[in-house]
S.K.: 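Sending over a structure as structure tokens; questions will come in a sec.
Chain naming here is simple, since letters A, B, ... match the order of the sequence lines and numbering starts at 1 in each.
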Amino acid sequence: MPQYWLMKSEPDEVSIDDALAAPGATVAWTGVRNYQARNFMRDGMKVGDGVLFYHSSCPEPGIAGIARVASGIKPDPTQFDAKSPYYDAKSKPEDPRWLLVDVQAVRKTRLLPLPELRARPELAELVILRKGNRLSITPVEPAHWKVIEKMLG
DNA sequence: GCCAACGTTGGC
DNA sequence: GCCAACGTTGGC
């Protein structure tokens, strides 16, 4: 049973184009610093799961591409890098607090903006559309995935 | 830049 | 364990 996820990235940091241009179209998903999002990676993700690649904190936020989970969880090396904005002094290499997975871009899609997602009643329960949601990684129901795939064409 | 809505921290 | 203060996210 395949599972689906939505993963937010600021295109200034890693856009869908950056991911497609990376070796193997694969990037390490660094910088997750929220326990709930981390736990989704740790407890829920499997290699091959579908990913909606979402651009956040940018002029036009929305879904920008399709990707897949390309590895199991690994420690996020940026937590040990004192020069990284994601540095966490309280995390110890023998007991890493933060994890990542590799994400492989499958294809760039048209930009599917938030207002268009909100306009679809079938997507009302999509986690990122719910009020107050700020999670950078959220599960996506198979039915929602199908609707979104259709909208992307 | 604003601000709503969360999450985290730390004193008690 | 409570909760006020503070920090962050992220759309607008």
Side-chain angles (χ1 to χ4, degrees), chain A residues 3-22 27-45 49-69 73-141 143-153:
Chain A
Q3 294 201 82
Y4 303 103
W5 307 93
L6 182 145
M7 299 176 80
K8 293 181 187 172
S9 181
E10 300 189 15
D12 284 350
E13 293 194 18
V14 183
S15 69
I16 184 71
D17 291 318
D18 297 332
L20 282 167
V27 291
W29 207 263
T30 57
V32 172
R33 292 296 179 271
N34 171 283
Y35 289 104
Q36 218 181 328
R38 181 204 66 182
N39 294 348
F40 280 135
M41 288 197 287
R42 188 188 62 192
D43 305 331
M45 280 191 183
D49 283 357
V51 172
L52 298 171
F53 198 112
Y54 181 93
H55 283 175
S56 71
S57 297
C58 57
E60 211 178 1
I63 294 165
I66 303 282
R68 61 188 286 274
V69 176
I73 46 167
K74 306 181 257 192
D76 180 346
T78 62
Q79 71 195 298
F80 306 124
D81 177 0
K83 283 171 286 190
S84 166
Y86 299 119
Y87 179 62
D88 183 348
K90 291 181 200 156
S91 185
K92 307 242 168 60
E94 62 272 20
D95 184 23
R97 182 181 290 189
W98 304 114
L99 306 170
L100 60 73
V101 295
D102 290 340
V103 172
Q104 180 178 39
V106 174
R107 66 187 175 98
K108 184 178 182 175
T109 63
R110 75 180 178 94
L111 198 284
L112 177 46
L114 261 187
E116 199 177 332
L117 291 169
R118 289 194 195 284
R120 300 288 289 235
E122 313 95 287
L123 298 178
E125 296 304 311
L126 190 68
V127 180
I128 58 150
L129 298 184
R130 290 195 211 140
K131 193 180 176 187
N133 188 280
R134 300 182 317 176
L135 272 182
S136 62
I137 298 176
T138 50
V140 174
E141 297 293 325
H144 293 157
W145 174 274
K146 278 181 199 155
V147 170
I148 290 165
E149 265 198 324
K150 248 179 212 155
M151 293 172 79
L152 291 168

S.K.: If the condition is side chain to side chain donor-acceptor pair (under 3.5 Å), which residues does A:S91 pass it with, not counting sequence neighbours?
M.R.: A:Q79
S.K.: Please report how far the helix from B:dG1-C:dC12 to B:dC12-C:dG1 bends, comparing the axis fitted to its first five pairs with the axis fitted to its last five, to the nearest 10 degrees.
M.R.: 10°
S.K.: A:Y35 has an atom OH; how far is it from atom C1' of C:dT9, in whole Å?
M.R.: 17 Å
S.K.: With a cut-off of 3.5 Å and sequence neighbours excluded, list every side-chain donor-acceptor pair involving residues 105-122 of chain A.
M.R.:
| residue | atom | partner | partner atom | Å |
| --- | --- | --- | --- | --- |
| A:K108 | NZ | A:D17 | OD1 | 3.1 |
| A:K108 | NZ | A:D17 | OD2 | 3.1 |
| A:T109 | OG1 | A:A64 | O | 3.3 |
| A:T109 | OG1 | A:G65 | N | 3.3 |
| A:R110 | NE | A:M151 | O | 3.2 |
| A:R110 | NH1 | A:E116 | OE1 | 3.3 |
| A:R110 | NH2 | A:E116 | OE2 | 2.6 |
| A:R110 | NH2 | A:M151 | O | 2.9 |
| A:R118 | NH1 | A:L129 | O | 3.2 |
| A:R120 | NE | A:E122 | OE2 | 3.3 |
| A:R120 | NH2 | A:E122 | OE2 | 3.1 |

S.K.: Atom CG of A:L117 to atom C1' of C:dC12: distance rounded to whole Å?
M.R.: 16 Å
S.K.: Quick one: which residue pairs count as a salt bridge (charged side-chain N to carboxylate O under 4.0 Å, His left out) with a foot in residues 123-133 of chain A, not counting sequence neighbours?
M.R.: A:E125-A:R130
S.K.: Counting N and O atoms only, with roles assigned by atom type, does the side chain of A:D18 sit under 3.5 Å from a partner on the main chain of A:S15, one being a donor and the other an acceptor?
M.R.: yes
S.K.: Rounded to whole Å, how long is the line connecting atom CD of A:Q36 with atom C1' of B:dG7?
M.R.: 10 Å
S.K.: Taking the six-membered ring for Trp and the single ring otherwise, decide whether the centroids of A:W29 and A:F53 are under 6.0 Å apart.
M.R.: yes
S.K.: Sort and list the pairs that fulfil ring-ring contact (aromatic ring centres under 6.0 Å, His included) and have at least one residue in residues 75-113 of chain A, not counting sequence neighbours.
M.R.: A:Y35-A:W98
S.K.: To the closest 0.5 Å, what do you measure between CE (A:M7) and CD1 (A:I128)?
M.R.: 13.5 Å
S.K.: Donor-acceptor pair, A:H55 side chain versus A:V14 backbone, under 3.5 Å?
M.R.: no
S.K.: In whole angstrom, give the distance that lies between atom CD1 of A:I128 and atom P of C:dC12.
M.R.: 11 Å
S.K.: Tell me whether A:D76 is salt-bridged to A:R33, with the criterion being a basic N under 4.0 Å from an acidic carboxylate O.
M.R.: yes
S.K.: Quick check on contacts: within residues 131-141 of chain A, what sits under 4.0 Å from DNA chain B by heavy-atom distance?
M.R.: A:K131, A:G132, A:R134
S.K.: Rounded to the nearest Å, what distance is computed from the CG atom of residue A:D12 to the C1' atom of nucleotide C:dT9?
M.R.: 15 Å
S.K.: Taking atom C1' of C:dC12 as reference, at what distance in whole Å does atom CZ of A:R118 sit?
M.R.: 11 Å
S.K.: Report yes if at least one side-chain N or O of A:Y54 is closer than 4.0 Å to OP1 or OP2 of C:dG11; otherwise report no.
M.R.: yes
S.K.: Report the distance from atom CD of A:E10 to atom C1' of C:dT9, rounded to the nearest whole Å.
M.R.: 9 Å
S.K.: For a quick test of reading the model: is some side-chain N or O of A:K90 closer than 4.0 Å to OP1 or OP2 of B:dT8?
M.R.: no
S.K.: Would you kindly give the CG-to-P distance between A:L114 and C:dT9, to the nearest whole Å?
M.R.: 17 Å
